[in-house]
Each structure stands twice: as C-alpha cells, then as structure tokens.
*Asks:* 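Dropping a structure here in structure tokens format, bear with me for questions.
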Amino acid sequence: MLEGLDPEQREVATALHGPVCVLAGAGTGKTRAITHRIAYGVRAGVLPPAGVLAVTFTQRAAGEMRGRLRQLGATGVQARTFHSAALRQLQYFWPRAVGGELPRLLERKIQLVADAAARCRIRLDRNELRDVTGEIEWAKVTRTVPEDYPAMIAKSGREAPRDPAEVARVFALYEQLKRDRSVIDFEDVLLLTVGVLQDRPDIAETVRAQYQHFVVDEYQDVSPLQQRLLELWVGDRESLCVVGDASQTIYSFTGATPDHLLDFRTRHPNATVVKLVRDYRSTPQVVHLANGLLAQARGRAADHRLELVSQRETGPDPVYTEYADEPAEAEGTARRIRELIDAGVNAGGIAVLYRINAQSEVYEQALADVGVPYQLRGAERFFERPEVREAGVALRGAARAGGNDPLLEDAVDVPSQVRAVLTSRGWANEPPAGSGAVRDRWESLAALVRLAEDFARARPQSTLADLVAEIDERANAQHAPTVEGVTLASLHSAKGLEWDAVFLVGLTEGMVPITYAKTDAQVEEERRLLYVGVTRARRHLSLSWALSRSPGGRASRRPSRFLAGLRPGSSATGTRTAGGAGGVERGAGRSRRRRGPVRCRVCGRTLTDPGEVKLMRCEGCPSDLDEGLYERLRDWRSDQAKQLGQPAYCVFTDKTLMAIAEAVPDDEAALATISGVGTRKLQRFGADVLTLCAGAELPASGEEHTGDGTAHEEVER
C-alpha cells in the first residue's frame with residue numbers, strides 16, 4: 001500500500017489517528033495519497049471499510065475515488081458527494097424522524113422560481129430568472145433566510161441581480177410554494193439532514209455509529225451548510241481527514257469558502273498537517289510560472305500558499321504572445337495548435353481556456369478554419385445558445401422584411417442593422433456591470449455584432465440576408481457529431497482536469513481579472529482562477545492577449561496585471577513568502593519537519609536537482625565563485641576532517657563549500673540560508689567559515705570560536 005508513494009504522501013497514508021489536514025498543491029497526487037491512506041487503514045485493521053465515508057463535490061470525483069479504492073482492495077468504503085450521502089441518510093431516517101415518505105425531490109427549481117416571481121408581480125426574463133435562482137441557492141448554502149437576504153447582500157458586498165428586497169420576496173414565496181406542493185430542492189437535502197441530526201440526537205448517534213471515519217476532498221470548497229453537516233456527522237470525535245488547497249478556491253460565488261480549511265488547525269490543535277508540494281503533473285517551467293503568479297498574491301489564502309516543486313523533466317518555456325486584435329489571437333492560437341498536432345501531440349491533449357463562455361465562438365471558427373476538431377466543455381455550443389438562436393430568428397425576420405422593418409430605418413450598413421436588431425434583444429454599446437446570465441447573454445450578442453463587422457469588412461457589398469446565410473452556414477457546419485478534439489472551456493470548468501498543452505487566451509485587463517471584480521478579495525479570486533488555468537498544463541503552456549477587439553481598432557487594451565513580473569519586459573509589483581513548504585507538522589508541542597523548494601539566486605527558477613539546490617543556482621547560470629576562498633575552505637575542511645577522524649564530506653560537501661565561496665556570507669543569518677549548513681554545523685563550524693569569508697586568519701589550532709570571535713569550549717558532537 002505504501003510502495004510508490006513519496007515521503008509526504010506516505011505520511012498521509014500512515015496518519016490514521018486523530019485529525020489530519022492535507023494541504024495539497026495542484027498536481028501533487030492528493031487523490032493517490034488519500035485513497036492509499038484509506039486502503040492502508042483498511043488493510044491494517046484500523047479503518048473498518050463500512051465505517052469510512054469519503055465525500056467530495058462531483059460525481060466524477062466520487063466515481064474516480066471509488067474506482068481507485070476498488071483497485072486497492074478497499075471494497076465497502078463509501079465515496080459520495082455531500083448531496084448523495086445526505087440524501088441517502090434523509091431517505092432512510094425520514095419516516096422515523098418526521099413520518100411518511102420524503103417529499104419529492106425537485107430536479108430543476110427554475111420553473112418554481114418563475115411561478116414565485118409571477119405571484120410577486122415581478123417580471124423576470126429568462127436570464128434574470130437564472131440569476132435569481134442562483135441567488136436563492138447561494139442564500140441557502142450560506143444558511144441565509146429570506147428576511148435576512150438584503151442585509152447579507154450588503155454585508156458580503158455581493159452584487160444582486162435585482163433589488164435585494166425583490167429577490168427576498170421571490171425567495172420567500174418560492175419556499176412557500178415548495179411547502180404547498182410537497183417538494184424539496186437539492187439545498188433542502190442538506191438543510192433537512194442538518195435539521196434531523198440536530199433535533200434527533202438518537203439519529204445522530206446512529207449515523208456516527210455507522211461512520212467512524214471521514215475523509216473530505218476539495219475542502220477549500222465547502223459551504224457553511226456543508227461544514228455544519230460535516231460537524232454533525234463527526235460529532236465530538238477527531239477521526240477526520242480533510243484535503244484541500246486554498247490557492248484553488250474559485251467558487252466563492254456559490255458560497256464556497258477556504259476559511260474552514262485555513263482554520264482547521266485552530267479548531268483541531270492536535271492535528272497533523274501534511275503539505276504536498278511535489279508536482280508530478282507539470283514541467284519545472286510551468287511550475288515556476290505558477291509559483292511566480294501566486295508570489296504576488298495578497299490576502300489570507302495567499303498567506304498559506306504552497307510553493308510547488310516539479311518532479312518532471314525540463315520542458316519548453318511558457319510562450320507569451322501579444323496580438324493586434326482578437327481574430328489574430330484566435331488565428332495565431334489555431335496555427336500553433338495545428339503545429340503541435342502535426343508534431344505528434346494528440347488533439348485531445350490540448351485545451352484552449354478562456355474567462356467566459358462567450359469567448360469561444362472566435363476560437364471555434366479559427367480551429368475549424370485550420371481543420372482541427374474541437375469540443376466544448378461546460379457550455380453550449382455557441383450557435384446552440386438560446387440567445388444566439390433567438391437573435392438568429394430576429395435577424396432572419398429583419399432580413400426578410402428588408403426596408404419594411406422599422407428597426408432598420410436609420411441603419412446604413414449591415415453592422416448597424418445587426419446592432420439595431422440586437423438592441424431589442426438585450427445588446428448595448430457597454431456591457432452590463434454585473435456578472436452571471438445577463439453578462440453571458442450580452443457577450444453572446446456582442447460576438448454576433450463583431451461577426452457582422454468582420455463580415456462587412458470582408459464583403460463590403462453584402463446585405464443582411466447574406467450575413468444570415470453566413471450564420472446559418474456556420475451553425476450547420478458546427479452541428480456535426482461531436483468528435484474527440486481540442487477542448488474549449490472556461491477556466492472555471494477546467495478545474496480538476498489537465499492537458500499536455502494549454503492555451504490561456506484573452507488575458508487582458510477587464511477580462512482577467514474580469515471587469516466586475518471590484519474588491520481586493522474578488523481580484524485575488526481572479527488571480528487564483530488564472531493559477532488554476534496555468535496548473536492544468538503538463539508540458540506546453542501559452543499565454544496570449546490582444547491589444548484591440550477587432551482589426552484596425554484602437555490598441556487600448558493592456559495585458560493582465562497578473563502577468564507583471566512574469567512576461568518578458570515587465571516588472572513585478574512585489575512578492576510574498578510562501579505559506580508552506582512540503583513536509584509534516586505534528587500537533588501542538590510536537591516537532592516539525594519541513595522540506596522546501598529553493599530558487600536559483602541568478603534566474604529565480606525553482607530548483608529540484610540536489611546539486612543545484614546546494615549551489616542555490618542552476619548549473620548553467622554564471623558562477624561568481626571566489627576561487628581563493630574556495631581553496632582556503634577546502635584546506636580548512638581537510639584539517640577539520642582529520643581532527644574529527646571523519647571523511648571530509650562529513651564536514652561540508654564540495655557543493656556546499658562552492659555555494660559558500662559563491663555567496664561569501666558575512667554573518668550567521670546569511671550562512672544559515674545555504675543548503676547544507678544546518679543548525680549544528682552552524683554552531684560547530686560557523687565561526688571558522690565566517691572568519692575565512694572575511695579574509696582573516698584562523699586562530700591557532702585547538703582554539704575555538706563563537707560567532708562574535710570570542711573563545712568558547714568545543715561544542716559536543
């Protein structure tokens with residue numbers, strides 16, 4: 001069970017007692033570590049299979065965990081999502097706790113929200129309806145009741161899709177309609193399970209007797225409601241293992257918060273904390289960029305960031321590309337993808353990641369133009385989106401009506417005709433201030449406006465009917481059966497996935513970070529979102545941006561602020577110390593062991609080769625070795641080795657002496673930063689080394705020194 005695990009993963013697997021917190025960076029093998037932990041505990045007889053409940057956030061992740069546990073022989077362990085575990089318990093205990101059958105589960109709540117809005121005499125279009133439904137879900141997972149919703153919105157700084165008082169009214173009536181119709185929604189599954197376990201101690205004890213040990217994956221994504229349910233499951237026991245990474249918190253808009261992960265040690269002072277930082281996914285070049293991206297982060301999550309150390313062979317440097325306009329960016333990206341495929345990279349191992357789904361259309365077209373198959377993930381195909389189909393119907397009708405359509409009276413060309421028609425569908429010159437469905441709808445319609453502008457530029461004599469025919473032709477071409485190909489996805493939907501080659505596109509201010517990210521916390525979440533995108537790449541990573549929206553447009557855009565200090569020719573705004581190197585931290589009062597990365601003091605690259613770590617620089621970076629000092633150190637080491645009766649390397653290795661001769665430290669603090677100079681060697685040899693570094697002569701043989709040059713007795717070995 002422990003073979004093939006690295007030292008930190010082995011610590012996870014063997015930490016079977018008491019609370020355990022695993023801080024796992026991207027690509028560090030967290031699923032491998034926790035499944036081997038469960039299997040090892042089962043094999044050792046510490047964890048009864050039927051008494052273990054492992055919970056995560058998606059059916060895909062739960063299925064993967066079950067599959068790995070089966071392969072390891074740990075059959076009988078339950079691996080479920082929070083919702084499926086709660087629903088199973090609720091169905092079983094409902095007759096005993098409440099009586100009768102559990103109310104029917106509402107698969108989609110949007111129609112009931114629409115009914116509630118209608119009864120409140122509040123008109124919501126389709127997009128507003130989706131946004132209000134999302135607000136109700138957020139309120140419920142944050143345990144906010146309708147009457148408290150306006151105050152909670154003001155406190156959290158969240159931007160409501162409608163007046164908060166209106167949303168609260170719809171929310172309240174929605175809850176009433178559910179009761180009237182004897183239905184519950186997915187959030188109710190958690191709320192009702194919490195209610196049953198709180199109100200019926202006998203049922204809570206039955207659940208705790210069934211499950212004695214809990215494992216929670218992606219713990220940075222738990223909502224207050226899920227945390228409360230977990231607390232009721234665990235009770236006053238401490239047989240709990242949580243796994244997460246605060247730097248991958250990107251779903252705060254759904255109620256997720258990393259606070260529970262970051263506060264775990266406070267709630268459980270005796271917890272064992274294991275930090276996984278060995279990255280098996282990405283090359284050193286990709287990892288270096290990811291570390292640099294977070295080095296400039298601010299806020300609580302940034303204080304606890306993990307510095308990854310790549311375990312892979314070196315690869316190509318990330319490519320930064322600036323384009324004149326968005327079509328050029330899409331075409332350039334498509335050409336590079338074509339080149340990778342021609343060089344042997346599988347199309348299924350390539351992804352184009354963007355901030356919002358509306359950005360997909362130009363990449364869909366560019367890939368189609370160079371004959372590269374693609375698939376959309378986490379979004380409808382562009383021409384299948386409802387707002388795009390509705391716009392197509394409106395444009396088709398306007399084209400048939402021609403001069404008889406009053407919308408087109410003042411339109412002088414095809415682009416102005418399209419703008420006139422789409423204005424009635426929600427398009428405006430300026431994007432809406434908020435996020436969500438309204439913004440997505442605007443972006444889709446804006447993409448059609450840009451398509452019209454590009455089409456008219458290429459065919460100046462074209463008509464609106466010609467444009468409609470072009471749209472129909474594109475839509476028909478993209479209705480072909482889905483094939484294995486390049487993945488087009490938003491950064492949010494890419495979480496948990498990885499590819500050989502990743503293209504991060506549209507990295508401009510206003511898109512990454514998105515315009516409506518106003519507060520410091522919102523901006524930092526945008527940075528983490530880009531970090532998630534970077535860490536999806538195994539080998540090839542490309543980052544690009546366009547200075548203008550359309551060809552010939554004013555080059556007014558700027559690259560994302562997050563690239564400052566990373567892309568060539570830019571400077572960083574300041575860096576922070578990483579919140580944790582790899583290793584283990586025991587409970588209160590116990591020893592702490594750390595294994596951490598070292599950066600090259602010349603180029604800044606993260607070092608993984610032991611020899612380079614000793615030198616604190618890449619082998620290929622220029623050396624500023626003081627050869628005279630190096631020879632004096634070697635002679636001194638030889639004398640020390642003879643006195644101690646030990647080989648010379650037991651005093652200091654050649655690499656450590658070389659590092660000292662390059663750094664020429666002038667005090668103990670500087671000497672202590674050199675790899676290979678630990679506390680004991682600093683105490684024993686520090687005075688001599690610093691004397692040699694200062695160019696002074698050592699005292700007569702047998703006289704020892706303290707750090708300030710005064711004599712002292714020899715330190716015991």
Side-chain angles (χ1 to χ4, degrees), residues 47-59 62 66 76-109 112-113 116 133 136-149 171-217 219 221-240 242 254-255 260 267:
L47 303 179
V52 179
L53 177 60
V55 289
T56 186
F57 285 81
T58 66
Q59 293 290 358
R66 285 194 296 269
V77 173
Q78 293 290 315
R80 297 178 175 274
T81 65
F82 269 100
H83 281 88
S84 66
L87 180 60
R88 192 163 179 258
Q89 293 175 17
L90 197 60
Q91 289 171 329
Y92 182 82
F93 290 111
W94 187 265
R96 174 175 160 188
V98 181
E101 292 187 1
L102 181 70
R104 179 174 60 87
L105 183 62
L106 193 64
E107 293 293 336
R108 296 180 71 250
K109 61 172 67 69
L112 204 58
V113 175
T133 301
I136 291 174
E137 292 172 351
W138 173 83
K140 296 183 75 166
V141 300
T142 55
R143 307 179 77 188
T144 303
V145 295
E147 54 267 31
D148 293 341
Y149 173 79
F171 182 11
L173 193 52
Y174 165 77
E175 292 296 315
Q176 182 61 51
L177 288 176
K178 283 199 291 93
R179 289 191 291 271
D180 294 345
R181 300 178 187 184
S182 297
V183 295
I184 59 174
D185 60 27
F186 277 98
E187 291 71 41
D188 290 330
V189 171
L190 301 183
L191 284 164
L192 291 171
T193 305
V194 166
V196 168
L197 296 179
Q198 284 182 161
D199 296 343
R200 292 290 301 269
D202 57 325
I203 293 178
E205 286 306 314
T206 302
V207 172
R208 292 167 193 155
Q210 170 67 48
Y211 297 114
Q212 296 91 43
H213 189 81
F214 295 85
V215 177
V216 185
D217 193 14
Y219 192 54
D221 288 334
V222 296
S223 68
L225 179 57
Q226 289 164 329
Q227 174 63 21
R228 180 57 186 148
L229 177 59
L230 179 63
E231 291 168 355
L232 289 166
W233 280 341
V234 176
D236 58 4
R237 299 166 299 175
E238 291 200 314
S239 188
L240 170 66
V242 300
T254 67
H260 306 299
R267 297 195 309 274

*Asks:* Any sub-3.5 Å donor-acceptor pair from Gln210's side-chain atoms to Ala50's backbone N or O?
*Replies:* yes
*Asks:* Where do Tyr174 and Lys109 come nearest, in terms of heavy atoms and distance?
*Replies:* OH-CB, 3.3 Å
*Asks:* Looking only at heavy atoms, what is the nearest atom pair of Asp188 and Lys140, with distance?
*Replies:* OD1-NZ, 2.6 Å
*Asks:* If you measure from OG on Ser182 to CG on Leu106, what distance do you get to the nearest 0.5 Å?
*Replies:* 12.0 Å
*Asks:* If I take atom CG from residue Leu112 and atom CG from residue Asp185, how far apart are they, to the nearest 0.5 angstrom?
*Replies:* 9.0 Å
*Asks:* Nearest 0.5 Å, please: how far is CD in Gln91 from CD in Glu101?
*Replies:* 10.5 Å
*Asks:* How close do Trp138 and Gly255 get, heavy atom to heavy atom, and via which atoms?
*Replies:* CD1-N, 3.6 Å
*Asks:* Aromatic rings Trp233 and Phe214: how do their planes relate, parallel, tilted or perpendicular, breaks at 30° and 60°?
*Replies:* parallel
*Asks:* So with a 6.0 Å cut-off around CZ of Arg108, is the heavy-atom count from everything else above 12?
*Replies:* no
*Asks:* How long is the straight-line distance from CZ of Arg88 back to CG of Leu53, given to the nearest 0.5 Å?
*Replies:* 9.0 Å
*Asks:* Distance-only check: which donor-acceptor pairs under 3.5 Å involve side-chain atoms of residues 191-202, not counting sequence neighbours?
*Replies:*
from, atom 1, to, atom 2, distance (Å)
Thr193, OG1, Ala86, O, 3.4
Thr193, OG1, Val189, O, 2.6
Gln198, OE1, Arg228, NE, 3.0
Gln198, OE1, Arg228, NH2, 3.3
Arg200, NE, Asp202, OD1, 3.0
Arg200, NH1, Arg96, O, 3.4
Arg200, NH2, Asp202, OD2, 2.8
Asp202, OD2, Arg96, NH2, 3.3

*Asks:* Could you check Gln226 against Val141 for side chain to side chain contact (heavy atoms under 4.5 Å, CB included), going step by step and ending with a plain yes or no?
*Replies:* CA-CA 8 Å; Gln226 289 164 329; Val141 300; over 6 Å; no
*Asks:* Can you see which heavy atom on Ala85 is nearest to which on Val55, and at what distance?
*Replies:* CB-CG1, 4.5 Å
*Asks:* Does the side chain of Leu240 reach to within under 4.5 Å of the side chain of Leu230, using non-hydrogen atoms?
*Replies:* yes
*Asks:* Should we say atom CD of Glu147 is surrounded by more than 12 heavy atoms from elsewhere, each under 6.0 Å from it?
*Replies:* yes
*Asks:* Rounded to the nearest 0.5 Å, how far apart are CD of Glu137 and OG of Ser223?
*Replies:* 11.5 Å
*Asks:* Can you check side chain to side chain contact (heavy atoms under 4.5 Å, CB included) on Thr144 and Phe171, steps first, answer last?
*Replies:* CA-CA 11 Å; Thr144 303; Phe171 182 11; 5.6 Å; no
*Asks:* Nearest heavy-atom pair of Phe57 and Asp221: which atoms, and what distance?
*Replies:* CE2-O, 3.4 Å
*Asks:* For the residue pair Arg267 and Gln227, what are the closest heavy atoms and their distance?
*Replies:* NH2-NE2, 3.8 Å
*Asks:* Between Ile184 and Lys178, does a side chain to side chain contact (heavy atoms under 4.5 Å, CB included) hold up when you go through it step by step?
*Replies:* CA-CA 6 Å; Ile184 59 174; Lys178 283 199 291 93; 5.6 Å; no
*Asks:* Within a strict 4.5 Å, meaning less than it, do heavy atoms of the Phe82 and Val216 side chains meet?
*Replies:* yes
*Asks:* For the residue pair Pro103 and Val183, establish whether any side-chain heavy-atom pair is separated by less than 4.5 Å.
*Replies:* no
*Asks:* Taking the side chain from Arg237 and the backbone from Arg208, do they hold a donor-acceptor pair closer than 3.5 Å?
*Replies:* yes
*Asks:* Could you give me the CA-CA distance, side-chain angles and deciding distance for Leu105 and Leu87, then say whether side chain to side chain contact (heavy atoms under 4.5 Å, CB included) is met?
*Replies:* CA-CA 10 Å; Leu105 183 62; Leu87 180 60; 4.3 Å; yes
